[in-house]
Amino acid sequence: MGGQPKETTTKVEPWGGAQGYLTDVYKQYDQLIKSGAPKQWSGSTVADQSQATKDAQSGLHNYASNAANSNGIKNAQGTVNDITTGGAFGTTAQDALKSGTMFSNPAIAQTNAITNGIKTNYVNPAAGQAANLNGYTNAASGLQTNQATNLATAYNPALANLQKTAAGSNIGANPYLEQAVANSNQKIAEQLGNVTLPTIQGQAAGMGRLGSNASASLINNATSTAADAMSKNALDMYQAQYNNDVSAMLQANNQVASAYNSDVSNAMNANANLATTNTAQQGQRIAGTQLYGNLNQDAAALNQAGQGLQLQGAGQAGQLGNAQQDLRNSAASSLWSGQNAQANTQLGAAGMAGDMYGMGLLPYETLLGLGQSQDTRAQDILNNTIQRYEQNQQQQLTNYGNFANVLNGGGYSNTTTPVYNNTAGQMLGGLGSALGALVALCDVRTKQIIRQIGAMPLADGSEVPMYEFTYTDDPDQKLWVGPVAQEVEAAIPNSTMDIEGRKYIITNAFMEAA
């Protein structure tokens, strides 16, 4: 802000108060440049991964590579395959129904004895006819027997496809999944290439930082973030596809079991129809016997009575046989129900295998999220350190440049004029050049006054003292020239302002009063 030289001069050179400072500033500025200032950041621009991230990655790798952790899933696959192929279902109930030997009731033999043990001397011609009717065979019974056998052994063409799906053949076989993942990730890549990176580069270019470590770090962060998003997107789509495939596999298992139960039900219904046909045949035998017996009722009375006992015994045998069949049906149904319940329980347990495996991964995934948060924080700290380092490297050169502008602000002169009579514009020119702002910090509490070297004349005839001083917080104790804000405030009202407890001179107000 101008100073007072020891003598006047007519040489064309800066005012005397600035010459020594200018020489020193230029010398030190040159030394800084020759020493390589400003120096670039030489350390790494990428922060190390946190211990939490490393531990989580190691834990996930160890868990996934340990075959023992996937035994539950393998066992579940074996269980589902056993149920799908029918290995989990026994054939005891079906075999018992076919053979008819599950029960042997001694009352049947006694009834047969009654049926066949009645004898009379009278031979009724109707007896021969009735005997022939006893051997009557309904053509429908053979058809029903064949139908029952065919239904029990029928091949359902859709069953093979269901069994393949139930066995897991279609898991991961979606031919469009890779293209879907690529299309989805392409949007992330386009966002990065068309929006994010051009925005970062544009901002860096606007600040003159294009190509710097800071801009490179931002680009690396954006690229890494996009890569993480693409990886997570692909993982989510593969996981969703896998879950859908597993769901289809379990549904196929249920449909195979339903088809099996339907075949058994059809076989049972055919057997029931066969029993109904046999009962109808027996009714036809009885009706024939009664018809022929009525033709000679008087002569055949005794014979009819004996035949009646035989028919009664035969009816009882039929009833006992039907009761045995009912018992066989009930036992087989109970056995099938137990097998189906067991299969459903096994399928439920198999479905939980994947959840149990995922629960083992959960602690590592939680730790990985914490580690990524710590990694981001560490990178932010490193970026801030690099930025402050670059600012500190530039700061000393900036200070010397500002000081030179202040010293050159007094202008050059070839007239014999005392320095203390310089105009206010000459004295404050350096202040405006150095600050490029409307205020200047001149609080006496921030200065160490060395001596008064002159005064700044004001328009009203008064003066403001000018001092040579240093700033109290400057470790290098550089010399400066200028007024004190408290004295300017006393001489020129409304020419200062307080900012955070310190007084600043309002440059324009000071110049107008000078």
Side-chain angles (χ1 to χ4, degrees), residues 38-73 181-182 184-205 207-243 353-395:
K39 296 180 180 179
Q40 297 295 318
W41 174 262
S42 60
S44 174
T45 60
V46 179
D48 290 337
Q49 285 185 326
S50 65
Q51 189 60 43
T53 297
K54 295 177 181 178
D55 292 344
Q57 291 173 342
S58 176
L60 288 171
H61 178 270
N62 293 336
Y63 188 92
S65 60
N66 188 350
N69 293 329
S70 60
N71 284 340
I73 294 179
V181 172
S184 180
N185 283 343
Q186 181 62 30
K187 295 181 180 179
I188 299 176
E190 291 175 354
Q191 175 70 19
L192 174 67
N194 298 336
V195 179
T196 305
L197 293 182
T199 300
I200 294 174
Q201 293 170 348
Q203 292 175 348
M207 296 186 294
R209 304 291 293 171
L210 187 61
S212 67
N213 289 334
S215 65
S217 177
L218 291 175
I219 291 174
N220 289 339
N221 287 342
T223 303
S224 177
T225 300
D228 291 343
M230 293 171 70
S231 176
K232 183 179 184 301
N233 181 60
L235 179 61
D236 290 344
M237 294 182 69
Y238 281 119
Q239 184 177 7
Q241 182 63 44
Y242 177 80
N243 291 339
D355 295 336
M356 295 300 295
Y357 187 87
M359 290 174 64
L361 295 173
L362 183 59
Y364 301 111
E365 292 173 348
T366 302
L367 183 60
L368 181 61
L370 172 62
Q372 290 174 344
S373 176
Q374 293 175 344
D375 293 344
T376 300
R377 174 62 177 169
Q379 187 63 53
D380 291 341
I381 293 175
L382 178 59
N383 292 340
N384 182 66
T385 300
I386 295 173
Q387 182 179 9
R388 294 185 62 182
Y389 173 85
E390 293 176 348
Q391 289 176 347
N392 290 337
Q393 286 292 310
Q394 191 67 37
Q395 187 63 48

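Using a 4.5 Å heavy-atom threshold, the side chains of N213 and E390 count as touching. For the pair V46/L382, no side-chain contact is recorded, criterion being any heavy-atom separation below 4.5 Å from C-beta on. Taking the side chain as every heavy atom from C-beta outward, N384 and I381 never approach each other to under 4.5 Å.
Remark: T385 pairs with no residue by the side chain to side chain donor-acceptor pair (under 3.5 Å) rule, at least two apart or across chains.
By the 30° and 60° cut-offs, the orientation of the rings of Y364 relative to Y63 is tilted.
Between the side chain of S231 and the backbone N or O of A227 there is no donor-acceptor pair closer than 3.5 Å. For S224 (side chain) and N220 (main-chain N/O), no donor-acceptor pair under 3.5 Å exists by modelled atom type. Side-chain atoms of S373 do not come within 3.5 Å of backbone N or O of G369 as any donor-acceptor pair. In this structure a side-chain-to-backbone donor-acceptor pair under 3.5 Å is present from T225 to N221. Within the 3.5 Å criterion, the main-chain N or O of A229 finds no donor-acceptor partner in the side chain of N233.
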Let's go through Q387 and N383 carefully: what are the C-alpha distance in whole Å and the side-chain angles of both, what is the deciding distance for side-chain contact (heavy atoms from CB on, under 4.5 Å) to 0.1 Å, and is it a yes or a no?
CA-CA 6 Å; Q387 182 179 9; N383 292 340; over 6 Å; no
List the steps, then state whether salt bridge (Lys or Arg N to Asp or Glu O under 4.0 Å) holds for K232 with D228.
CA-CA 6 Å; K232 183 179 184 301; D228 291 343; over 6 Å; no
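No more than 12 heavy-atom neighbours from other residues, nucleotides or ligands sit within 6.0 angstrom of CD on Q40.
Legend: side-chain hydrogen bond (donor to acceptor under 3.5 Å, both in side chains) pairs involving residues 43-54, not counting sequence neighbours, sorted by first then second residue: S50-T53, S50-Q374, S50-D375, Q51-D55, T53-D375. The list of ring-ring contact (aromatic ring centres under 6.0 Å, His included) pairs with a residue in residues 218-238, not counting sequence neighbours, is empty.
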